[in-house]
Amino acid sequence: MRAVVTGGAGFLGSHLCDRLIRDGHDVVCLDNLITGNPDNVSHLMDKKFMFFNYDVTNYLFIDGKVDLVLHFASPASPIDYINYPIQTLKVGSLGTHKALGLARAKGAKFILASTSEVYGDPLEHPQKETYWGNVNPIGPRGVYDEAKRFAEAMTMAYHRSHGLDTRVVRIFNTYGPRMRVNDGRVVPAFCSQALLGEPITVFGDGSQTRCFTFVDDLVDGIIKLLEADYHDPVNIGNPREMSMLEYARLIINITGSKSEIIYSDIPVDDPKKRMPDISVAKKVLGWQPRTSVEEGMKKTLPFFEETLRKQGRL
Ligand code: NAD
Ligand code: UDP
């Protein structure tokens, strides 16, 4: 197959490119590097891999056949989408429209990287795919949440109106090598603080919960979803729920760090709880995560360590 990956030089996109190349496919990666890094895919340049520095909110033209479009372009960390609010809205709306248009023109299968953020600050717990969410459209996170909700609506409209072969994956907090140490997300933040012996910055009282999925498990789930004949959204995430305070203590334990925990204000609209109900993924895809949080963090920490060394901070 020949696949187009938008956002392919980002964290998740680059792991998907790796997997597609390993499975024997040709990959065309489109990324404007707003939050991505060409180093994430530089090792693929001598393979059946093409990279274009391109903003996918513009018209997409790809020469030759395309069998699969994976639309992963979008700033994804709260700091990134708050720094780039208009770009986030544009890539979720215009970018999704262009990526769907490309898939339609080529008769390709399409998958949208959606998010647990479509559930907002959820009033249902754990979150099933049938839950419609509790999103503040005009809050700072609204630029991301509403863009992804629009992207889901657009994807379903292309499926229903044009018969496009679409998938929607609702990704819950995923971590692993190639996350930027300073992207502001809790995993790189706590891991780098612990490695540097700096204070661990817990927002609020740390009682808010998240569930963390290791990137290889997510990629397996996405490949299984692509192979399944299922068009409604599917949650992919590790249902082990933990508070941010528990997570801070876990990282201190694993690293043996002497960092203290400090508390600061919780960001506006920060969801109080989040946990996927993965019964659809289990039943339809036969998928469930295989990597425990402890195991996954141990596989990820060396990457942060190496990055901090390269930056001369360790
Ligand atoms: P990332 O920032 O590492 O990757 C996003 C990539 O998209 C970057 O390389 C960026 O340069 C590129 N991009 C952004 N706007 C673009 C545009 N207009 N044109 C071309 N490229 C553009 O983030 P990530 O964590 O890898 O997230 C990838 C996708 O997965 C996003 O769509 C995100 O919403 C979704 N997602 C991620 C998570 C997670 O936990 N990592 C959770 C839910 C959803
Ligand atoms: N968080 C924290 N300290 C940090 C960064 C994040 O306590 O230095 C909290 C944040 O308030 C949220 C959780 O960790 O409750 C997860 O944040 P992240 O930015 O990783 O992703 P989110 O799930 O909020 O999109």
Side-chain angles (χ1 to χ4, degrees), residues 5-17 29-38 40-41 52-58 60 70-82 84 86-96 98-99 111-118 121 141 144-145 147-148 151 169-176 178-180 182-193 199-215 218 222 235-237 242-245 247-248 261-274:
V5 182
T6 75
F11 161 49
L12 296 184
S14 64
H15 284 278
L16 271 170
C17 289
C29 166
L30 305 177
D31 200 303
N32 67 353
L33 303 178
I34 187 172
T35 57
N37 183 346
N40 289 338
V41 287
F52 295 99
N53 185 335
Y54 194 75
D55 180 341
V56 300
T57 62
N58 298 308
L60 300 181
L70 302 100
H71 182 42
F72 276 67
S74 172
S77 97
I79 285 191
D80 287 342
Y81 54 75
I82 288 164
Y84 301 114
I86 314 249
Q87 292 90 332
T88 302
L89 281 159
K90 283 178 72 180
V91 73
S93 53
L94 305 177
T96 303
K98 299 292 182 288
I111 184 164
L112 170 70
S114 187
T115 166
S116 51
E117 280 279 322
V118 298
D121 188 4
R141 299 174 84 104
Y144 182 66
D145 303 8
K148 290 290 183 180
V169 55
R170 289 190 181 148
I171 301 167
F172 283 65
N173 297 61
T174 301
Y175 66 94
R178 300 190 193 145
M179 293 187 98
R180 281 171 17 243
N182 61 344
D183 83 358
R185 288 188 267 199
V186 71
V187 172
F190 287 7
C191 290
S192 53
Q193 289 161 350
I200 310 262
T201 53
V202 168
F203 298 162
D205 63 4
S207 62
Q208 71 275 26
T209 66
R210 296 292 186 273
C211 295
F212 298 111
T213 311
F214 187 58
V215 61
L218 174 82
I222 289 171
N235 289 340
I236 296 284
M242 65 176 81
S243 73
M244 291 309 95
L245 193 54
Y247 178 57
I261 293 176
I262 57 167
Y263 297 87
S264 59
D265 288 347
I266 190 127
V268 177
D269 295 335
D270 197 291
K272 285 180 253 337
K273 332 183 199 186
R274 180 182 292 156

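Small disclaimer: the values here were computed from a predicted structure and weren't measured. Counting starts at 1 for both ligands and their atoms, in listed order. Reckoned from all heavy atoms, side chains included, excluding hydrogens, waters and symmetry mates.
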Task: Check: Asp121 side chain, Asp269 main-chain N or O, donor-acceptor pair, under 3.5 Å - done: no
Task: Pocket residues of ligand 2, ordered first by chain and then by residue number (heavy-atom cut-off under 4.0 Å) - done: Pro78, Glu117, Arg141, Asn173, Gly184, Arg185, Val186, Ala189, Phe190, Thr201, Val202, Phe203, Gln208, Arg210, Met244, Pro267, Asp270, Arg274
TODO: Ignoring hydrogens and angles, tell me if any N or O in the side chain of Ser243 forms a donor-acceptor pair with the backbone of Thr209 under 3.5 Å.
DONE: no
Open item on the list: Is there a side-chain contact between Thr213 and Asn173 in this structure, where contact means two heavy atoms from C-beta onward sitting under 4.5 Å apart?
Closed with: no
Open item on the list: Given 3.5 Å as the limit, does a donor-acceptor pair link the side chain of Arg141 with the main chain of Val268, or not?
Closed with: no
- [ ] Mind checking the CG-CZ spacing from Leu245 to Phe203? Nearest 0.5 Å is all I need.
- [x] 14.0 Å
Open item on the list: I'd like to check the ring-ring contact (aromatic ring centres under 6.0 Å, His included) partners of Phe172; sequence neighbours left out, ordered by chain and number.
Closed with: none
Task: For Arg185, the option from Asn182, Val187, Asp183 that meets side chain to side chain contact (heavy atoms under 4.5 Å, CB included) - done: Asp183
- [ ] State which residues pass salt bridge (charged side-chain N to carboxylate O under 4.0 Å, His left out) with Asp80; sequence neighbours excluded, sorted by chain then number.
- [x] Arg180
Open item on the list: Residue by residue, ordered by chain and number, which ones reach under 4.0 Å of ligand 1 with a heavy atom?
Closed with: Gly7, Ala9, Gly10, Phe11, Leu12, Asp31, Asn32, Leu33, Ile34, Thr35, Gly36, Tyr54, Asp55, Val56, Thr57, Phe72, Ala73, Ser74, Pro75, Ala76, Val91, Ala113, Ser114, Thr115, Tyr144, Lys148, Ile171, Asn173, Thr174, Arg185
Open item on the list: Looking at Thr6 and Ala73, would you say the former's side chain and the latter's main chain have a donor-acceptor pair under 3.5 Å?
Closed with: yes
